[in-house]
Amino acid sequence: MGTSQPTERKTAHIIRAALLLGYLSSYPVRAADAPDTIYINGRIITSDAENNIVEAVAVKGDKIQAAGRSEALRMTAGPPSRIVDLRGKTMIPGIIDPHSHFPLSANTVLFQVDLSSPPVGKITSIDDIIAALKKKAEQTPPGQWIVGVGYDDTLLAEKRHPTRQDLDKVSEVHPIYLMHVSYHFGAANTKALGIAEITRDTSDPAGAKFRRDGNGEPTGVLEELSAYERVTSRIPSRSAEQWGELIKVAAQQYASQGVTTAEHGFLADQPGILSDPGLLPAFARAIERGDLPIRIIVWPGIKFSQKVQSGQVKAPDTDSSWLKVGATKMFADGSIQGFTGYLTKPYHIIPAGYPSDYHGHPAMPRDELVKLVVSEHKAGKQIAIHGNGDAAIDDILYAYEQAQKEQPRPDARHIVVHSQTAREDQLDKMKALGVTPSFFSLHVYYWGDRHRDIFLGPDRAARISPARSALQRGLRFTIHTDTPVVPMEPFRLMWAAVNRITASGARLDNEGIAPMQALRALTADAAWQAFEETRRGSIESGKLADLAILSDDPLSVDPMKIKDIKVLETIVGGKTVYQSQ
């Protein structure tokens, strides 16, 4: 027989009061009221408003019943309660991924060729790329697509993108497409260009480019989304079974890193390498079958959102704790490491063939961005806009400001995704507008040396992902990995935000933050960014029992060792979904 709501409230009230006093009264705990699991003798970082650290957590069903002292919570146990002694280990709220592209990290495990350079992979030259693709071609029937991901032209010996002539050396009977590590460039062989009908007479899309040689012929290098989607839209979409397989593998990758809520940061309106409208029902199916043990937040692209609003696409009801449709995603510029980020001042080193004052370009004219933002804002949508360069961030903040002037919304929580080169005045404006920057802080590690030496120069590079400056203004922010751009490694991300160490071991000073602030940016503040602060992000009574048990305490370990922290167990809704061997 179920317990009445008044009895539940009375029991919870007595437990909370007892915890405040440091002991429990002799109030008898009935079996129906007792926790399912009580974790004791731990160092439990709650990420609550006061950043309290407690010893114990009681879990009932999929919720946290109480958090406090071990002795007090042990006294709430009943016959069915399981007592877990943490033996001093650290527990944190489950990591909430503020921005990535789940489940694409599983692509290279299952279907694609990993072309990453060190420190992620082993590719150091175009010859290495050709060799890796040839191995895949030997296993692929003629006519079927070969897709490689993760190459970085700035880390190749040749310091350039592969061309169609390079890729034709792999195969002339397989269409081949490569995705750049930034996901803002691609490269295709002659067969793939033919399928996409890209010729010397094909006009460049707005805000993008089909690169050409001296004779006007396409080189196979495709600059920005609207250029490469001409090719990727011809790649056959994943089947429902393949999406299901990707979701299962990626979920274990994320869960092994303590992630309990993942994000798919761009839901396209048509099939492509970045996304697929079929992902939304695939997530729902996986949850129904029990194949998706972590929670998902989906950001629909602007085109998908417009089709839903016009009735062209019917989106399922997805605002549960397991699957939620969140902010509408747009793009204001490209990639700084690809020289398509939109800056107010020129790049530090100008690429050959570019104007001497080259500073990138917007993804769309400012007035077009404003029109889209105002429309989504008036529809009541939260909006997340990709902006790396400070000129792009100017456009984004102008658009947000115009939207608020036309229809004030005091708690819209619009987002600037990446915010790489946000200036001091822009952070002030974000604070005034109630805008959240989400910093791609792992750029410091993976690209910091090249930002300093090639893209931005020492001064601008020193303050990329300016989290400390945001904190000084009381500006709430998050930090993210943008997986699969880089691996889903939340503790390396925290380490980068705290220490600001580059791949060469150099330090980019000025913008480091404390470990607790970095942890909050992946827990409580990440929940707040997603309008989820009332049900996840901290270890408090009534919130979802999404937890992670760690090998070390990120607050007391040597800050340089934060990246080495391992996840021992990940718990979602009170159930263990990952446990290290």
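Under the 4.5 Å side-chain criterion, counting only non-hydrogen atoms from C-beta, Val435 is not in contact with Ile415. No side-chain heavy atom of Ile44 sits less than 4.5 Å from a side-chain heavy atom of Glu55. Using a 4.5 Å heavy-atom cutoff, the side chains of Pro484 and Asn107 are not in contact. In this structure, the side chains of Arg238 and Phe111 come closer than 4.5 Å at one or more pairs of heavy atoms. Side-chain contact between Trp495 and Met560 is present, with at least one heavy-atom pair separated by less than 4.5 Å. Ser116 has its side chain out of reach of Tyr151: every pair of non-hydrogen atoms, C-beta onward, lies at least 4.5 Å apart. At least one side-chain heavy atom of Val567 sits under 4.5 Å from a side-chain heavy atom of Tyr578. Side-chain contact between Gln253 and Phe102: absent, with no pair of heavy atoms (C-beta onward) separated by less than 4.5 Å.
The structure places CG of Leu225 at 7.0 Å from OG1 of Thr232, a figure rounded to the nearest 0.5 Å. Rounding to the nearest 0.5 angstrom, the gap separating the CE atom in Met330 from the NE2 atom in His414 is 8.5 Å. Rounded to the nearest 0.5 Å, atoms CD1 (Ile513) and OG (Ser441) are 6.5 Å apart. One finds the OG1 atom of Thr108 at 13.5 Å from the CE atom of Met179 (value rounded to the nearest 0.5 Å). Considering CD1 of Ile287 and CG of Leu323, their distance stands at 4.5 Å, rounded to 0.5 Å. With rounding to the nearest 0.5 angstrom, the CG atom of Leu279 is 6.5 Å from the CG atom of Leu267.
Listed by chain and number, the residues in a salt bridge (Lys or Arg N to Asp or Glu O under 4.0 Å) with Arg476 are Asp525 (sequence neighbours excluded).
In this structure, Phe440 and His418 have tilted ring planes: the angle between them lies in the 30° to 60° band. Ring orientation note: the planes of Phe283 and His264 are nearly perpendicular, at an angle over 60° on the 30°/60° scale. Classification of the Phe439-Phe477 ring pair by plane angle, with boundaries at 30° and 60°, yields tilted.
Checked against the 6.0 Å centroid criterion, the rings of Phe331 and Phe266 qualify as a close aromatic pair.
Residues Gln309 and Glu376 bring a donor and an acceptor atom of their side chains to less than 3.5 Å of each other. When only modelled atom types and interatomic distance are considered, Thr478 and Gln529 share a side-chain donor-acceptor pair under 3.5 Å. Side-chain contact, Tyr254 with Thr260: no donor N or O sits under 3.5 Å from an acceptor N or O. If you check the side chains of Thr523 and Ser47, you find a donor sitting under 3.5 Å from an acceptor. Side-chain polar atoms of Gln337 and Ser182 form no donor-acceptor pair below 3.5 angstrom. Side-chain contact of His386 with Asn388: a donor-acceptor pair under 3.5 Å is present, judged by distance alone. A side-chain N or O of Arg536 and one of Thr261 form a donor-acceptor pair less than 3.5 Å apart. Between the side chains of Ser580 and Glu569, not a single donor N or O lies within less than 3.5 Å of an accepting N or O. Under the 3.5 Å distance criterion, with hydrogens and angles disregarded, a donor-acceptor pair is assigned to the side chains of Ser438 and His480.
No more than 12 heavy atoms of other residues, nucleotides or ligands sit less than 6.0 Å from atom CD of Glu288.
Side chain of Asn499 to main chain of Ile501: no donor-acceptor pair is present (N/O by atom type, distance under 3.5 Å, no hydrogens or angles). Using modelled atom types, no side-chain atom of Lys329 and backbone atom of Ile302 make a donor-acceptor pair closer than 3.5 Å. For the pair Arg520 (side chain) and Asn51 (backbone), a donor-acceptor distance under 3.5 Å is absent. Of the possible polar contacts, one joining the Asp36 side chain to the Gly61 backbone as a donor-acceptor pair under 3.5 Å is found. Formation of a donor-acceptor pair under 3.5 Å by the Ser81 side chain with backbone atoms of Pro35 is found in this model. With hydrogens and angles disregarded, no donor-acceptor distance shorter than 3.5 Å links the side chain of Lys307 to the backbone of Gln312.
Summarising the geometry of Val417 relative to Ala384, their closest heavy-atom pair is CG2-CB, 3.8 Å, with the distance given to 0.1 Å. Contact detail for Val59 and Tyr39: the closest heavy-atom pair is CG2-CE1, 4.1 Å. Contact between Thr481 and Val486 at its shortest, heavy atoms only, is O-CG2, 3.0 Å. Minimum heavy-atom separation, Glu511 to Arg468: OE1-N, 3.1 Å. When all heavy atoms of Phe304 and Ala268 are compared, the closest pair comes out as CD1-O, 3.4 Å. Heavy-atom minimum distance, Ala526 versus Ile96: CB-O, 3.5 Å.
One finds no salt bridge joining Arg409 and Asp411 here, because no Lys/Arg side-chain nitrogen approaches an Asp/Glu carboxylate oxygen to under 4.0 Å. Using a 4.0 Å cut-off between charged side-chain N and carboxylate O, Glu71 and Arg74 make no salt bridge.
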Cut-off 3.5 Å, no hydrogens considered: what does the side-chain donor-acceptor table look like for residues 543-557, sequence neighbours left out?
| from | atom 1 | to | atom 2 | distance (Å) |
| --- | --- | --- | --- | --- |
| Lys543 | NZ | Glu533 | O | 2.8 |
| Lys543 | NZ | Ser538 | OG | 2.7 |
| Lys543 | NZ | Glu540 | OE2 | 3.3 |
| Asp546 | OD1 | Arg295 | NH2 | 3.0 |
| Asp546 | OD1 | Gly573 | N | 2.8 |
| Asp546 | OD2 | Arg295 | NE | 2.7 |
| Ser551 | OG | Lys566 | N | 2.9 |
| Ser551 | OG | Lys566 | O | 3.4 |
| Asp553 | OD1 | Leu555 | N | 2.9 |
| Asp553 | OD2 | Arg43 | NE | 2.3 |
| Asp553 | OD2 | Arg43 | NH2 | 3.2 |
| Asp553 | OD2 | Ser556 | OG | 2.9 |

Let me have the donor-acceptor pairs involving side chains of residues 242-252, under 3.5 Å, with sequence neighbours excluded, atom names and distances please.
| from | atom 1 | to | atom 2 | distance (Å) |
| --- | --- | --- | --- | --- |
| Gln242 | OE1 | Ser239 | N | 3.0 |

Working note: Arg82 + Ile38, criterion side chain to side chain contact (heavy atoms under 4.5 Å, CB included); need CA distance, chi angles, decisive distance, verdict. CA-CA 6 Å; Arg82 179 173 67 108; Ile38 304 172; over 6 Å; no
Side chain to side chain contact (heavy atoms under 4.5 Å, CB included) between Arg535 and Ser321, worked out: CA-CA 8 Å; Arg535 58 182 178 183; Ser321 65; 4.1 Å; yes
Yes or no on side chain to side chain contact (heavy atoms under 4.5 Å, CB included) for Asp482 and His99, after CA distance, side-chain angles and deciding distance? CA-CA 6 Å; Asp482 204 18; His99 181 62; 3.2 Å; yes
Trace of the side chain to side chain contact (heavy atoms under 4.5 Å, CB included) decision for Val373 with Ile385: CA-CA 9 Å; Val373 167; Ile385 308 180; 3.6 Å; yes
Run the numbers on Ser237 and Asp276 for side chain to side chain donor-acceptor pair (under 3.5 Å), then give the verdict. CA-CA 8 Å; Ser237 182; Asp276 190 303; 2.4 Å; yes
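Screening Ile95, Leu442, Leu522 for a side-chain contact (heavy atoms from CB on, under 4.5 Å) with Met494, the sole residue that qualifies is Leu522.
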